[in-house]
Student: 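Below are the structure tokens for one structure; questions will follow.
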Amino acid sequence: MVGAQSPEVAEEAPAVRAAEDIPAVHVDVALNVNGEDRCATVDTRLSLLDVLREHLGLTGAKAGCERGHCGCCTVLVNGRRVYSCLTLAVACGGARVVTVEGLGGPDLHPLQEAFITRDAFQCGFCTPGQLCSAIGMLDEAARGWPSSVTGRPGAGRPLSAPEIRERMSGNLCRCGAYQNIVAAIRDVAITDVAIADVAP
């Protein structure tokens, strides 16, 4: 039989240890989360999403696919959008993390207001990730970072609906509220809100 090993070779192969047999390593991780210094002792294998939700009690970022496919877990780390389900918490030591709970303040963030005005959500499960991703995306566009549909790169050019769709393509909405999500983002983008007012 092709690929079969002789009994002698099979016996010599080292045994694979089960994950539960490998002792956990715990370290202290200091983060600035939503403007507040936080510290947690965590298993080095934990994702940022797990630490935010289970250790710090911030449940806004959602565990959707846990494979970086849906974007429900998107947060901002040092101003850049990341999938927190794929980001090890220990890699974020000392970083500034912003979750949906940290947007706005006493008042709603302009993007949150636009989502409400445009009815840019249905079930709301993806909304925290959509909001954080949109804020990161607006910052990227303001800095002149091109996308695959950018006709002419450069900061300060208005974002078209196709470009917003492309830039937000890493965030899925299972309810299909894309048209209103794009409209809400465009409303904020065309109001020429200073990026300091948009990015927390």
Side-chain angles (χ1 to χ4, degrees), residues 31-35 47-49 52 58 60-62 64-89 91-105 108-118 120-121 125-173 177-200:
L31 304 166
N32 182 287
V33 182
N34 300 328
S47 69
L48 178 59
L49 176 65
L52 291 170
L58 298 168
K62 304 297 185 220
C65 65
E66 297 197 56
R67 288 176 173 77
H69 294 172
C70 72
C72 290
C73 66
T74 305
V75 299
L76 300 170
V77 175
N78 293 330
R80 303 233 9 226
R81 51 190 173 153
V82 301
Y83 295 139
S84 62
C85 72
L86 295 182
T87 305
L88 288 174
C92 297
R96 185 173 61 92
V97 179
V98 177
T99 68
V100 70
E101 292 94 341
L103 301 181
L108 290 176
H109 188 281
L111 197 55
Q112 290 172 310
E113 290 177 355
F115 266 57
I116 292 168
T117 300
R118 287 291 189 162
F121 51 88
F125 190 80
C126 72
T127 305
Q130 297 278 0
L131 288 164
C132 288
S133 186
I135 289 170
M137 181 273 294
L138 289 170
D139 182 52
E140 292 164 11
R143 293 172 187 265
W145 294 8
S147 73
S148 66
V149 297
T150 301
R152 190 182 44 140
R157 35 179 303 280
L159 290 173
S160 65
E163 185 159 3
I164 292 171
R165 279 193 290 275
E166 190 280 329
R167 288 177 181 266
M168 291 294 293
S169 63
N171 290 79
L172 303 180
C173 174
Y178 296 113
Q179 185 171 347
N180 295 349
I181 291 169
V182 170
I185 294 169
R186 194 144 193 238
D187 287 349
V188 172
I190 64 175
T191 57
D192 201 23
V193 177
I195 201 63
D197 296 333
V198 175

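Throughout, residue positions are numbered sequentially from 1 according to the sequence presented.
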Student: Mind listing the closest non-hydrogen atom pair of N34 and V98 along with its distance?
Tutor: OD1-CA, 3.3 Å

Student: So do R167 and L138 actually touch side chain to side chain, heavy atoms under 4.5 Å?
Tutor: no

Student: Taking atom NE2 of H69 and atom OH of Y83, what is their separation to the nearest 0.5 Å?
Tutor: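 Answer rounded to 0.5 Å: 9.0 Å.
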
Student: Side chains of T117 and D187: is there a donor and an acceptor less than 3.5 Å apart?
Tutor: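 Per modelled atom types, T117 and D187 side chains form no pair under 3.5 Å.
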
Student: Indicate yes or no for a side-chain donor-acceptor contact from S47 to the backbone of T87 under 3.5 Å, with no hydrogens or angles considered.
Tutor: no

Student: Looking at every non-hydrogen atom in both residues, tell me the closest pair between E163 and S147 and how far apart they are.
Tutor: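 Reported closest heavy-atom pair: OE2-OG, 3.4 Å.
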
Student: Closer than 3.5 angstrom, by distance alone: can the side chain of Y178 be matched with the main-chain N or O of C173 as a donor-acceptor pair?
Tutor: yes

Student: What pairs with N32 under side chain to side chain donor-acceptor pair (under 3.5 Å), at least two apart in sequence or on another chain?
Tutor: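 Listed in chain order: D37.
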
Student: Rounded to the nearest 0.5 Å, what's the gap from CD1 on I135 to CG on D139? Could you check?
Tutor: 10.0 Å

Student: Kindly give the heavy-atom pair with the smallest separation between L172 and Q130, and that separation in Å.
Tutor: O-NE2, 3.5 Å

Student: Just verifying a value: how many Å separate C85 SG and K62 NZ, rounded to the nearest 0.5 Å?
Tutor: 14.5 Å

Student: Decide yes or no for Q112 and L103: does some side-chain heavy atom of the first lie under 4.5 Å from some side-chain heavy atom of the second?
Tutor: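 Yes, close enough: below the 4.5 Å cut-off.
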
Student: Taking the side chain as every heavy atom from C-beta outward, state whether L159 and M137 have any atom pair closer than 4.5 Å.
Tutor: yes

Student: Any Lys/Arg nitrogen of E140 or R80 sitting under 4.0 Å from an Asp/Glu carboxylate oxygen of the other?
Tutor: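 Judged by the 4.0 Å cut-off on N to carboxylate O distance, E140 and R80 do not form a salt bridge.
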
Student: Which heavy atom of C73 sits nearest to which heavy atom of S84, and what is that distance?
Tutor: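 So the minimum-distance heavy-atom pair works out to O-OG, 2.7 Å.
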
Student: Within the structure provided, determine whether L76 and V97 are in side-chain contact (heavy-atom separation under 4.5 Å).
Tutor: no

Student: Please identify each residue that fulfils side chain to side chain contact (heavy atoms under 4.5 Å, CB included) with A184, with sequence neighbours left out.
Tutor: A114, F115, R118, A120

Student: When you compare the side chain of L48 with that of V77, does any pair of heavy atoms fall below 4.5 Å?
Tutor: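 In short, these two side chains touch, coming nearer than 4.5 Å.
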
Student: Measure the SG-CG distance between C72 and L49 for me, rounded to the nearest 0.5 Å.
Tutor: 10.0 Å

Student: Of the non-hydrogen atoms in L111 and A134, which two are nearest, and what is the gap between them?
Tutor: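 L111 and A134 have their closest heavy atoms at CD2-CB, 3.3 Å.
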
Student: With no hydrogens and no angle check, just 3.5 Å: does a side-chain donor-acceptor pair link R81 and T74?
Tutor: no

Student: Could you tell me if the side chain of I185 sits less than 4.5 Å from the side chain of V188, heavy atoms only?
Tutor: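 No - every pair of side-chain heavy atoms lies 4.5 Å or more apart.
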
Student: Tell me the closest heavy-atom pair linking G129 and N171, and the distance in Å.
Tutor: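 Heavy atoms only, the tightest pair is O-ND2, 3.3 Å.
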
